[in-house]
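Let me begin by presenting the structure, written as structure tokens, before commenting on it.
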Amino acid sequence: MTELHIGGFEAARVRVALDPYISVLALTTDAFGRHRGAPERWRHRIRASISPPNAAAIRPIVVPGRSVVPESVTPINPVAEAPVTDLIERLHGISADELRTDMESVFGGRPPADWGSVVKHPRHWLHRHAEATREAWSAVRPLWQQARPLLHREVERVGVAAVRGRLDVVLGGLHPRSRYEDGVLGISDPEPTRFELGDRPLVLVPMLSGGGALICNFDRTDAVWIGYPMPGVERLFRGEPESVREDALELLLGPVRAHVLGALAQPRTMGELAALMELAPSAVTYHCERLAAIGLVQRERNGRQVRVSRTPRGESLMDMFR
């Protein structure tokens, strides 16, 4: 597990960036091999938008078991929210020597076999990758435009957490395979390492992606950024209208988890929660697992029953938002 040691950070150092390229990268890699939960119709739409010669340039970055890619294919600067077209032009402008130096730094002089064609023909690969990005962006752009209300709501959600001093709840719920505890953000990673945030800002980048997608860069000297699935994006994928929520706790946790936490004024069994929430037991179990992962509820087994209750941290959060 890769660890980012954050320590006692100030809310002012946590930012939200709406960078469309990271969503393009997440959906494209999902479509061509790293299946991370994007709907099949969107995976098909991305694949159909990219010509076969350009699609070949995607293959090296979706190899199973690898999480590291050259800096060349990462965003220019998520904090600046650069247009996708700027990144495409940057890819076209990178020299063969720059890419080789980049791969030398990332792979330690021993590029994986899957990068062999890139090593032999770096400029060809850069041009193909740039054009694959251009074609994918033409498919993703309408979805990005439709997502504007959700994206701005996510900015608001993180802002509410910062003002209320509960950014730990946001960080703890970024991803099903991540956890946040005692100032350390842990992320499941086939190539684990350890980083210190230090005095760098932490940039959160909500993505239009499947629920299993996560794209991070902890190496930059100017900022650490994390691209994570935007809450509510599944409704966007399904084409459902976005409802307006005013409740701050719902904004922070999402409506279902906020309602589950609110229903635990007294301990309840999973069956009682499922009946009360009018949800399938499997759905209640999933949401309770996520609430437990960020320390808001605890579960105790008594025979065949599992009883759920708020933790002191969960009680404190309820008091804060009442």
Side-chain angles (χ1 to χ4, degrees), residues 1-26 67-84 86-87 90 102 105-106 144 147-148 150-175 177-189 191-209 213-233 248 251-253 293-295 320:
M1 179 167 283
T2 286
E3 293 184 348
L4 176 64
H5 289 250
I6 295 174
F9 61 91
E10 298 176 2
R13 290 169 53 212
V14 177
R15 307 173 189 174
V16 181
L18 306 182
D19 188 297
Y21 171 68
I22 300 181
S23 291
V24 174
L25 184 61
S67 62
V68 177
V69 297
E71 187 76 16
S72 306
V73 301
T74 64
I76 298 174
N77 182 357
V79 180
E81 302 180 0
V84 177
D86 285 5
L87 186 126
R90 184 190 74 166
D102 190 359
S105 173
V106 169
W144 180 262
R148 285 290 180 182
L150 272 176
L151 290 162
H152 290 299
R153 178 164 293 164
E154 180 62 6
V155 174
E156 182 185 356
R157 184 179 80 97
V158 177
V160 166
V163 170
R164 298 278 189 159
R166 299 317 305 255
L167 280 167
D168 57 329
V169 174
V170 172
L171 295 177
L174 284 179
H175 192 269
R177 297 196 309 275
S178 70
R179 59 174 173 77
Y180 180 73
E181 188 175 4
D182 298 328
V184 179
L185 179 64
I187 295 173
S188 178
D189 187 349
E191 301 175 82
T193 187
R194 171 186 168 131
F195 298 91
E196 298 285 343
L197 180 63
D199 59 0
R200 296 176 294 172
L202 177 61
V203 184
L204 303 180
V205 189
M207 300 187 300
L208 311 186
S209 69
L214 195 67
I215 304 177
C216 312
N217 190 323
F218 295 162
D219 290 317
R220 296 178 68 112
T221 58
D222 56 344
V224 164
W225 62 262
I226 303 173
Y228 61 99
M230 180 176 63
V233 71
L251 189 64
L252 181 61
L253 296 178
I294 54 179
M320 187 178 294

> Taking only residues two or more places apart in sequence, or in another chain, which ones meet Tyr228 in a side chain to side chain donor-acceptor pair (under 3.5 Å)?
Replying inline: Glu154

> Mind checking what makes side chain to side chain donor-acceptor pair (under 3.5 Å) contact with Thr2, not counting sequence neighbours?
Replying inline: Asp189

>> If you define the side chain from C-beta out and look only at heavy atoms, does anything of Leu18 sit under 4.5 Å from His152?
In response: yes

> For Asp222, what residues pass the salt bridge (charged side-chain N to carboxylate O under 4.0 Å, His left out) criterion, not counting sequence neighbours?
Replying inline: Arg220

Going by atom type alone, with no hydrogens or angles, which donor-acceptor pairs under 3.5 Å involve a side-chain atom of residues 201-208 and a protein atom two or more places apart or on another chain?
none

>> I'd like to check Leu4 versus Val224 (side-chain heavy atoms, cut-off strictly below 4.5 Å). Are they in contact?
In response: yes

>> Please find the pair of heavy atoms, one from Pro231 and one from Leu150, that lie closest to each other, and give the distance.
In response: O-CD2, 4.1 Å

>> I need the Arg153 CZ to Met230 CE distance, nearest 0.5 Å.
In response: 10.5 Å

>> Please identify which of these residues, Ile22, Leu171, Leu185, Ile215, meets the side chain to side chain contact (heavy atoms under 4.5 Å, CB included) condition with Ile226.
In response: Leu185

>> Is the shortest side-chain heavy-atom distance between Tyr180 and Val169 below 4.5 Å?
In response: no

> CZ of Arg177 to CD1 of Ile187: how many Å apart, nearest 0.5 Å?
Replying inline: 9.5 Å

> Between Val233 and Ser209, which heavy-atom pair has the shortest distance, and what is it?
Replying inline: CG1-O, 3.5 Å

>> Pair Val170, Leu252 - check side chain to side chain contact (heavy atoms under 4.5 Å, CB included), show working.
In response: CA-CA 7 Å; Val170 172; Leu252 181 61; 3.8 Å; yes

> With Glu3, which residues qualify under salt bridge (charged side-chain N to carboxylate O under 4.0 Å, His left out), at least two apart?
Replying inline: none

> So, Arg179 side chain and His175 main chain: donor-acceptor pair closer than 3.5 Å or not?
Replying inline: no

> Under a 4.5 Å cut-off applied to non-hydrogen side-chain atoms, are Cys216 and Trp225 in contact?
Replying inline: no

> Residues two or more places apart in sequence or in another chain: which of them pass salt bridge (charged side-chain N to carboxylate O under 4.0 Å, His left out) with Arg166?
Replying inline: Asp168

>> For the backbone of Phe218 and the side chain of Arg200, can you confirm whether one donor and one acceptor N or O come within less than 3.5 Å of each other?
In response: yes

> How far apart are the closest heavy atoms of Tyr21 and Asp19, and which atoms are they?
Replying inline: N-OD1, 3.0 Å

